[in-house]
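Model, not experiment: these values are computed from the prediction. Side chains included, hydrogens not; waters and symmetry mates left out as well; all remaining heavy atoms used.
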Amino acid sequence: MAKKTLLKMYGDWCVPCKQLDAILKDVIASGKMDNYDFENVDIASSPDVAAHYRVRAVPTMIIIDEEGNELKRHVGVMDKKTLERWLVTE
């Protein structure tokens, strides 16, 4: 099975993005993201990536396949349990 990538689009100025960072660290440490690659994308330093995925607000999390096709997205912060469920549901 091909590994998916979780893109987390953020801004350095974004308080909810910092909240999501802490939640993601817990999820990563728990091993719940072992089937995913993970990339933090700063929308200010990578506006082309943000534009490609039509990111209009941060934080935005997007799961993509190996070819870069979007599989699902979520805008905003989720608690740890909700994020874990979101990662495993298609």
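At a threshold of 4.5 Å between side-chain heavy atoms, the hydrophobic network of Ile, Leu, Val, Met, Phe, Trp and Tyr places L83 and L71 in one connected group. V75 is not connected to V27 by any chain of hydrophobic side-chain contacts under 4.5 Å among Ile, Leu, Val, Met, Phe, Trp and Tyr, and they are in different clusters.
Among pairs with a residue in residues 13-37, those fulfilling salt bridge (charged side-chain N to carboxylate O under 4.0 Å, His left out) read K3-D37, K8-D21, at least two apart in sequence or across chains.
Between K80 atom NZ and M78 atom CE the span is 14.5 Å, to the nearest 0.5 Å. Going from atom NZ of K72 over to atom CG of L87 covers 7.0 Å, rounded to the nearest 0.5 Å. The structure places CG of N40 at 9.0 Å from CG of L6, a figure rounded to the nearest 0.5 Å. Atoms CE and CG, from M61 and L24 in turn, are 6.0 Å apart once rounded to the nearest 0.5 Å. Distance CD1/I63 to CZ/R73: 11.5 Å, rounded to 0.5 Å.
Side-chain contact check for T5 versus F38: every heavy-atom pair is 4.5 Å or farther apart.
In terms of heavy-atom proximity, P16 sits nearest to P59 at CB-CD, 3.8 Å.
Membership of the apolar cluster around I64 extends to L7, M9, W13, V41, I43, V49, Y53, V55, V58, I62, as traced through chained side-chain contacts below 4.5 Å between ILVMFWY residues.
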